[in-house]
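Written below as structure tokens is the structure these notes are about.
The structure presented is a predicted model; accordingly, all values stated were derived computationally and were not measured. Residue numbers begin at 1 in each chain, while the letters A, B, ... track the order of the sequences. What you see below is based on every heavy atom in this structure, not just the backbone, and it leaves out hydrogens, waters and symmetry mates.
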Amino acid sequence: MIDTPAPELERALNPAQQEAVDHVHGPMLVLAGAGSGKTRVLTTRIARLIDRHGVPPDRIFAVTFTNKAAGEMKHRIGRLLARDPSGLWIGTFHSLSARLLRREAPRLGFGSQFTIYDEDDRLGLIRRLMDQRGHSTKLFPPRAVQAVISSAKNRMTPPSELAAAAGPFDRLVQVSADVYAAMGPALKAANAMDFDDLLLHPLTLFAEHPDRLQYYQNKFSFVLVDEFQDTNRAQYQLIRLLGAHGNVCVVGDDDQSIYGWRGADVRNMQDFLKDFPSARLVRLEENYRSTQVVLDAANGVIAENTGRLGKTLTTRRGGGEAVTLLAAADERDEAEWVVRELERRSAAGDWRYEDMAVLYRTNAQSRALEEAFRRAGIPYRLIGSISFYERREVKDLLAYLRLLTNPADDEAFLRAVGVPRRGLGETSLAILERTAVQWHKPLLATAAGAEAIAELRPNVREAFRALAAFIEGLAGRIRDKPPAEVLEEVIRAIDYEAVLHAEGPEGADRWENVRELVASAANWSEVVAEGAEGTPLERFLAEAALLSSADSVVGREDGVTLMTLHTAKGLEWPVVVLTGLEQGLFPLARAEEQPDGLEEERRLCYVGLTRAKDKLYLTWARARRRGGELRPGMASRFLRALPAAILDERRTTSLWAPDWRSAGRAQRRSGESAFARGDRAGPRRVESAPAGQPEEASQDAPRYVKGERVRHRRFGSGTIQGLTGTGRDLKVSVAFDDAEVGVKQLLVAYAGLEREWESA
DNA sequence: GTTTCGTAAATTTTT
DNA sequence: TTTACGAAAC
């Protein structure tokens, strides 16, 4: 392998890193380029604070982007200190806020055992509120309403302001504002908070109880924030308040801001310098991760963005293996090529599977990759996609646990009431809900008094009463029992195994997941959830609610890593494969329509490229299945931003591929396809520019796909309807735009078709 | 009230 | 290709 730098611990800090570590008191903004060792700066700084400056760990408030990152950072600090930094407040904004709120909830009118509502719970609540308030869920999709409300919350806009801002004809926003206004009280009644509330409630607390703000300002004498470019306004406010004493260190990279759609606002970086005028600005511009070739690729892409703060990344790792650019026929072809290539490199002893990652824009793309890995028998691990805690069977059981700790949790009640089937359907529940509203009681409490509801049939009353009695009885018995035991008890009581097995073959898989849940709960109990308050069950639930998708790992540890580009932020591998580089997919079509959308996609691409230490593969497919339909695509515009000198272009053997560089340009010089032959042997090292002479065009027959736009010399433009035959007998049926011509069957070998976008 | 079957719709990223 | 929802049957 290529000049790998010395292990991190042995390398001395560079002057800029040293400066960031040495600066103890007063605000500081660290502009840290990709791979510039910012994690190391943060961990070293925290360790120093503790052992050289005698700061007690519980007076340090350190924010990371994922729980996993927090765990790793804590581990590294422990290694530096040679002891466990117990008491340290380190975690995501959401988990740290939740921890703070457990103590302060009563001051805000919540119980300290409040539930954290996930996306589904919140959606369910919105649906019910819409029903109650007579808003049609057909005209206004609850998802859309939820999106409006969430974005208002992220901008810290209260319901009244949202209502005022809604135009007279903007019914969606009007409805959303109405639901939003009702949602606060409803959540409070259910003793629940959603993800956004976790960030907003601390701000409310500090506004209403200045003494509490003062307390936490005094308590946390040092505040540190990683991935600062991805904080939203509420998060920034929290930092500004807690760090008012000035000992605030934020670390970020404006080029890696990729969560704008979630309310993140890069302006926080500029505002920080305004709000803390004495802030020291430190730039980490030396990259220790990647080869020059990788940086050239990344710089080529990001250079097209405007309004950057400006950074120049350098590396001492000159040269490097060229970036392999692959054109495939479709997503399956792409996946198979990737798997074969990684297998080849592994067999050649170049890298191990665990040193490789395959990244993609959307979770849906993981399917084809997974299948290819499985077919080839190559180990892989899939991160994210469907979180374990989002599975139906897991949520069903957790609903019972939630109800045990928080009897007001109506969403949990509505889930539990249907598992197992109790003969309680839509009508009975509607009556129960109506009564609950009248009585001003949670559903569980209302169910306990169901005997008094005359509208209900006697057997329904009894069913409600029995369910309530069951929960209450269980709640009395469990107390401080470990979560795994409580789970077992619930499973036994509702005979969940039988319930699942009655569902047929799928039920067996689900039962497996249930066993896994119990096992993970048992395993969890052994770890001391440090610092948190409440019973073990409460802490288990709190943690489960805040687990991120990055925490869900399926597959073998020693395998190739598969994840989305978003999840890959902050990580690195010797080999990185970026797939699906097509217009419409990456960058996403939707993103390109929004003002800053394309720039954010470009930053996402930059994040992906800079994950690689030694070797980059970039792939795209001429066609891709989207919703069952095979759709043609063209190479991503990001590919055109790459310097030609560092590229090694290839195609899969069966593919006739056009010169993607000329796509969309005025003219194309014939015979100048930039694609090399697919069978070219061995990697190529790039020492310096220029390389990559134009190669011979492929001699394979052109390959068309259904839906593709083509042009015929006589008939004009049309769309391919279908394909029949193979080789020289390959026929296409084309529906021409000219209605007079209609649909024609043409032999590809003679028709002389051109792709429309190529012949422009 | 529950199950089953059919049709329609849909696919961005995540704490 | 898979999921979600609605209608009709059971």
The contact string for nucleotides 5-15 of chain B, one letter per nucleotide 5' to 3', using protein heavy atoms under 4.0 Å with B, S and - for base, sugar-phosphate only and none, comes out as -----BBBBBB
In the 5' to 3' direction, the nucleotides of DNA chain C bounding the stretch that comes under 4.0 Å of a heavy atom in chain A are C:dT1 to C:dG6
For residues 421-432 of chain A, the side chain to side chain donor-acceptor pair (under 3.5 Å) pairs (sequence neighbours left out) are A:Tyr400-A:Arg422
- prompt: What integer number of Å spans the C1' atoms of B:dT13 and C:dA4?
  reply: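 So the two C1' atoms sit 22 Å from each other.
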CE of A:Met73 to OG1 of A:Thr39, rounded to nearest 0.5 Å, is 5.0 Å
Separation between CG (A:Leu565) and CG (A:Leu604), nearest 0.5 Å, reads 4.5 Å
Describe the nucleic acid contact of A:Lys138 in one word from base, sugar-phosphate, nothing, applying a heavy-atom distance below 4.0 Å.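 Here A:Lys138 touches the backbone only, sparing every base.
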Which part of the nucleic acid, if any, lies within reach of A:Arg127 when heavy atoms closer than 4.0 Å are counted: base, sugar-phosphate only, or nothing?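 Since only primed, P, OP1 and OP2 atoms lie under 4.0 Å of A:Arg127, the category is sugar-phosphate.
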Self-check item: Pairing of A:Asp194 and A:Lys153 as salt bridge, 4.0 angstrom limit
Solution: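 Yes.
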ask   = With no hydrogens and no angle check, do the side chains of A:Asp265 and A:Asn232 hold a donor and an acceptor under 3.5 Å apart?
value =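 A:Asn232 and A:Asp265 do not have a side-chain donor-acceptor pair below 3.5 Å.
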_Centre-to-centre under 6.0 Å for A:Phe65 and A:Tyr259, is that the case here?_
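Yes.
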*Determine, for A:Phe114 and A:Arg102, whether the Lys NZ or Arg CZ falls below 6.0 Å from the six-membered ring centre while staying within 45 degrees of the axis.*
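Yes, cation above the ring, under 6.0 Å and within 45°.
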Give a yes/no verdict on a cation-pi contact between A:Arg611 and A:Trp573, requiring under 6.0 Å between NZ or CZ and the six-membered ring centre and an angle within 45° of the axis.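 Verdict for A:Trp573: no cation-pi partner in A:Arg611.
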